[in-house]
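We count residues from 1, following the sequence as given. FYI, side chains are in, hydrogens and waters are out, and symmetry mates aren't considered; it's all heavy atoms of this structure.
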Amino acid sequence: MSYDLAVGDGEMPADDDVAGEVYEQLCTEYLEGEEQPPSPRIRAFVLALLNRWPDLHGDEQGVSPWPGGPLLDEASGPIAYLTIRWSVCEEVSAQATRIAAAHELVCYDPQRERLRPTAEERDAACH
């Protein structure tokens, strides 16, 4: 079992419904269509993740949260689709969301159909 997180390079959607529409459009165009090199911000984001957690194929200590790889292959154009091992999904997705925000990217949780961080996560980070 895994947890998925989509990270996109673009303007912040007005709400979760708009974010879902943008997510579907990006998946259709960039993940299901012809793959493209990741945008500079998406590439920098993925490299920052890999700086924090190793790729599965270079993980000699068994600590990679990515069940597949290489992680950069999960990025195309303005979107990266992250699959995170369920056992570490809360910690890794929270940190990945913060890293994405630092790169001015948008995070979307396709399972719960909502933007990340949620209002609750933003409130908790402030305290």
Verdict with reasoning, Asp73 to Glu35, per side-chain contact (heavy atoms from CB on, under 4.5 Å): CA-CA 9 Å; Asp73 286 354; Glu35 287 188 30; 5.7 Å; no

Candidate pair Gln95 and Trp53, rule side-chain contact (heavy atoms from CB on, under 4.5 Å), full reasoning: CA-CA 11 Å; Gln95 289 188 37; Trp53 298 284; 3.6 Å; yes

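Using cut-offs of 30° and 60° on the angle between ring planes, the pair Tyr23 and Tyr108 is tilted. Ring geometry for Phe45 versus His103: interplanar angle over 60°, hence perpendicular rather than tilted (30 to 60°).
Without hydrogens or angle criteria, Ser2 side chain to Thr83 main chain gives no donor-acceptor distance under 3.5 Å. In this structure a side-chain-to-backbone donor-acceptor pair under 3.5 Å is present from Arg85 to Ser64. In this structure, Asp109 contributes its side chain and Arg114 its backbone to no donor-acceptor pair below 3.5 Å. The backbone N or O of Leu31 sits nowhere less than 3.5 Å from a side-chain atom of Ser76 that would complete a donor-acceptor pair.
Within the 4.5 Å cutoff, the side chain of Val92 has no heavy atoms near those of the Leu49 side chain. For the pair Glu11 and Val22, the minimum side-chain heavy-atom distance is 4.5 Å or more. No side-chain heavy atom of Val88 sits under 4.5 Å from any side-chain heavy atom of Tyr3.
More than 12 heavy atoms of other residues, nucleotides or ligands shown are found within 6.0 angstrom of CZ on Arg41. Within a 6.0 Å sphere centred on CD of Gln36, other residues, nucleotides and ligands contribute more than 12 heavy atoms. A 6.0 Å sphere centred on CD of Gln111 holds more than 12 heavy atoms belonging to other residues, nucleotides or ligands.
Following chains of ILVMFWY side-chain contacts shorter than 4.5 Å, one can reach Ile79 starting from Val18, so the two form part of one hydrophobic cluster.
A distance of 11.0 Å separates CG of Leu105 from CD1 of Ile99, quoted to the nearest 0.5 Å.
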